[in-house]
Amino acid sequence: MAKILVIAEHDQGRLKQATLAAVALAQKVVAESGGSFEILVLGQDIGAVLEDLRGYGAAIVVSADDQRLCHAVADKYAGVIAEVAKQRGINLVVGAVSTFSKDVLPRSAALLDAGMLSDVIGVSAVGGDFEFRRVMFAGNVIATVTLEGAVKVLTVRAAAFPNAGKLAEVSPIVDFPLTDLALPAFTEFGGRETRQSGRPDPTEARVVVSGGRGIKNAEDFERLIGGLADVLGGAVGSSRALVDAGITPNSLQVGQTGKVVAPDLYVAVGISGAIQHLAGMKDTKVIVAINKDLDAPIFEVADFGLVGDAYQVIPELMEKLKK
Amino acid sequence: MDLEGVKFAVNPFDAIALEEALRIKEKLGEVEVVVATIGTEETVEQLRVGLAMGADRALLIRCADTLDSLAIAKVLAAVYQRERPGLVLMGKQAIDDDSNQAGQMLAALLNIGQATFVSKLELLENQQRARCQRETDGGLETVTVNLPAIITSDLRLNEPRYVSLPGIMKAKKKPLEEIGLAALGVAVAARTRYLKFECPPPRKAGVRVKTVDELLLKLKQEAKVV
């Protein structure tokens, strides 16, 4: 019987919505094949996140609240996750796809001598074990795969597991005592540089407006891509070309090696549509492409394509949307 | 999956990792750069590219089986114990399997520090520590990690040099050692078993609109997303 541990991710006390996809996977497994799941929150002063997570049907919400966990540093976090999994007899550790999970969970997996699957989009119980579906080759292949071993670690794609439904807030919060646990200290956190924009994270937004090579500089990006995103109440994204050129920060990069988004509406502006970019957005419900080049491959995946210069089309679009 | 006839190339993230090692060597002088990979004679060509870029010697760990990340990390842990490097640089992910796991697992097995998705690297205090800028979902993060450590490269760390003709000539004389798993003292097997590969359903072809007005009409009335 599965005993699942969901690793909650939060940013300074605010729960990352993608965590709920990992919760949804746990709910699905428990509903279909029994067992139970627990949610683990690590950090310092995490009361609000713990409370937030009491309403999803977890057997318990485990609190690892310690001053040494104030920053999400992999060596410490992975050590605590492995220790909790061991002590609580966990056989499936699940997190959402993110740079946090990618950094921490493989390290936990190795500490648990567990195999790991990244980018899981499906799970089904087969003969007492599981078959998983995962995305590979920049989203061009979906593999069905099994994983041997008593403990397994997964990261799940948010788009594949619609957010878990909220129930009554009944899961008890249980403290995991850390004071006697020696944690590694290989790494010293130095700080984080964020360009505050007030816009949502592209992985969490209903609308994403993304700019590519067709946008010439940071001012134009802010005016056109940022402007349209604000009119639509959405997030901004970027192709790799603009990040490499220093026009946009890395945290906006959508694609195989950046973020994977699946909003209701994705507006690709001046993006040619290389497969590496498509890997990050092709699960979107409605794709709009605006590009000068009528042969741009982005038009092959777009629901609505408009051949035109972003510098003319976007201001007109903003103007008419505001009406 | 049928990979017959497919031409293999060096993973671009690994090329970035090697470039960083070469830059450290050029800056510090007394540094040996070793390139290592797990594979068969088909992998020798990629090691030669590494030598031609400027690595001092190459190590091929012979293994014909397809390994998963944990098995790879266990093999590399044995290589680490044999070589005792001061720093291990790796690509952040393979671009076929896209797993993004092996470096972090290796760090855990060796019980040393890690810095993943690194876009800037600076060695400090006589190579005792490394200050790393990491590309995370929330923006750029800075960590300082004790060495030896595992550092995985992101795209913006550097731009790898091209292989030059003199580089290729020199590479032919550089040592390329082959070693079997038994000689390394590791027995590993993949725990992941791939049962089936499918192509995701293609998106249906959309329509071209001629004007902004037409686009807005479609988005409002057909797609109902604005």
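Quantities reported herein were computed from a predicted structural model and do not represent experimental measurements. Here is the naming used below: chain letters follow the sequence lines, and residue numbers restart at 1 for every chain. In what follows, every heavy atom counts, from backbone to side chain, and hydrogens, waters and symmetry copies are set aside.
Options B:A107, B:A115, B:A223, B:C199 differ in how many heavy-atom pairs under 4.5 Å they form with chain A, and the most are formed by B:A107. No other option in A:L265, A:T257, A:D264, A:V313 has as many heavy-atom pairs under 4.5 Å with chain B as A:T257. The greatest number of non-hydrogen atom pairs below 4.5 Å with chain A, out of B:L109, B:V207, B:T116, is found for B:V207. Options B:D96, B:L70, B:L219 differ in how many heavy-atom pairs under 4.5 Å they form with chain A, and the most are formed by B:D96. Residue with the most contacts toward chain A among B:N146, B:T144, B:V145, B:L147: B:T144 (heavy-atom pairs, distance under 4.5 Å). In terms of non-hydrogen atom pairs under 4.5 Å with chain A, the most contact-rich of B:E214, B:R193, B:K220 is B:R193.
The contact between A:I287 and chain B is made by backbone and side chain atoms together, counting heavy-atom distances below 4.5 Å. With a threshold of 4.5 angstrom between heavy atoms, A:Q276 does not approach chain B through any atom at all. For chain A, the nearby parts of B:Y194 are the backbone and the side chain; heavy atoms of each come within less than 4.5 Å. Neither the backbone nor the side chain of A:L105 comes within less than 4.5 Å of any heavy atom of chain B. Both the backbone and the side chain of B:I95 come within less than 4.5 Å of a heavy atom of chain A. Interface remark: A:A289 contributes no atoms to any contact with chain B (heavy atom separation under 4.5 Å). Contacts of A:A78 with chain B are absent, with no heavy-atom separation under 4.5 Å from either backbone or side chain. For B:S69, no part sits under 4.5 Å from any heavy atom of chain A, backbone or side chain. The part of A:V288 that comes within reach of chain B is its side chain, from C-beta onward, which places non-hydrogen atoms under 4.5 angstrom from that chain. Within the 4.5 angstrom heavy-atom criterion, no atom of B:A73 approaches chain A. Residue contact with chain B, scored on non-hydrogen atoms closer than 4.5 Å, involves the side chain of A:L232 exclusively. Interface remark: A:D201 contributes side-chain atoms only to the contact with chain B (heavy atom separation under 4.5 Å). Contacts between B:E159 and chain A at a heavy-atom distance below 4.5 Å are absent for every atom of the residue. Neither the backbone nor the side chain of B:S119 comes within contact range of chain A; no heavy atoms are under 4.5 Å apart. When heavy atoms are compared at a cutoff of 4.5 Å, B:I112 approaches chain A solely by way of its backbone atoms N, CA, C and O. Neither the backbone nor the side chain of A:A82 comes within contact range of chain B, judged by heavy atoms closer than 4.5 Å. Only the backbone of B:K210 comes within less than 4.5 Å of a heavy atom in chain A; its side chain stays farther off. Interface residue A:N140: only backbone heavy atoms are found under 4.5 Å from chain B. With a threshold of 4.5 angstrom between heavy atoms, B:L140 approaches chain A through its backbone and through its side chain. Heavy atoms closer than 4.5 Å to chain A are found in the side chain of B:V226, but not in its backbone.
From A:M116, atom CE reaches atom CG of B:D68 across 12.0 Å, with rounding to the nearest 0.5 Å. Atom CG of B:L216 and atom CG of A:L317 lie 5.0 Å apart (nearest 0.5 Å). In this structure, CD in B:Q104 is found 9.5 Å from CZ in A:R107, a value given to the nearest 0.5 Å. Residue A:E193 holds its CD atom at 6.5 Å from CD of B:Q133, rounded to the nearest 0.5 Å.
A:S118 and B:Q101 share a side-chain donor-acceptor pair at under 3.5 Å. For B:R156 and A:Q253, the side-chain atoms include at least one donor-acceptor pair closer than 3.5 Å. One side chain, A:D103 or B:Q114, offers a donor N or O that lies under 3.5 Å from an acceptor on the other.
Within a 6.0 Å radius of CD in A:Q12, other residues, nucleotides and ligands contribute 12 heavy atoms or fewer.
In this structure a side-chain-to-backbone donor-acceptor pair under 3.5 Å is present from A:K259 to B:D137. A donor-acceptor pair under 3.5 Å is absent between the side-chain atoms of A:D75 and the main chain of B:G113, judged by distance alone.
Using a 4.5 Å cut-off on side-chain heavy atoms (C-beta onward), B:V225 and A:K285 make no contact. Side-chain contact check for A:T144 versus B:F197: every heavy-atom pair is 4.5 Å or farther apart. Taking the side chain as every heavy atom from C-beta outward, B:T192 and A:T146 never approach each other to under 4.5 Å.
With respect to B:V212, the side chain to side chain contact (heavy atoms under 4.5 Å, CB included) criterion is satisfied by exactly one of A:L306, A:L321, A:I314: A:L306.
A salt bridge links A:D113 to B:K74: one of the charged nitrogens lies within less than 4.0 Å of a carboxylate oxygen. Here B:R203 pairs with A:D303 in a salt bridge; the nearest charged N to carboxylate O distance falls below 4.0 Å. Classification of A:E188 and B:R129 as a salt-bridged pair holds, one side-chain N sitting under 4.0 Å from a carboxylate O. At a threshold of 4.0 Å, the pair A:K102-B:D98 does not count as salt-bridged, since none of the basic side-chain nitrogens sits closer than that to a carboxylate oxygen.
Taking all atoms of both residues into account, the shortest heavy-atom contact from B:M105 to A:A109 is CE-CB, 3.9 Å. Among all heavy-atom pairs drawn from B:A108 and A:A110, the shortest one is CB-CB, 3.7 Å. Taking all atoms of both residues into account, the shortest heavy-atom contact from A:R134 to B:D97 is NH2-O, 2.8 Å. What you find for B:P200 and A:G139 is that their closest heavy atoms are CG-O, 3.3 Å.
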Please step through side-chain contact (heavy atoms from CB on, under 4.5 Å) for the pair B:K196 and A:I142, ending with a clear verdict.
-> CA-CA 8 Å; B:K196 193 165 64 173; A:I142 296 171; over 6 Å; no
Side chain to side chain donor-acceptor pair (under 3.5 Å) assessment of B:E135 paired with A:T99 = CA-CA 8 Å; B:E135 297 202 349; A:T99 51; over 6 Å; no
Start with the C-alpha distance between A:N250 and B:F117, add both sets of side-chain angles, then the distance that settles side-chain contact (heavy atoms from CB on, under 4.5 Å), and finish with yes or no.
-> CA-CA 11 Å; A:N250 75 285; B:F117 331 135; over 6 Å; no
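For the pair B:R208 and A:F304, the cation-pi test (distance below 6.0 Å, angle within 45°) is failed.
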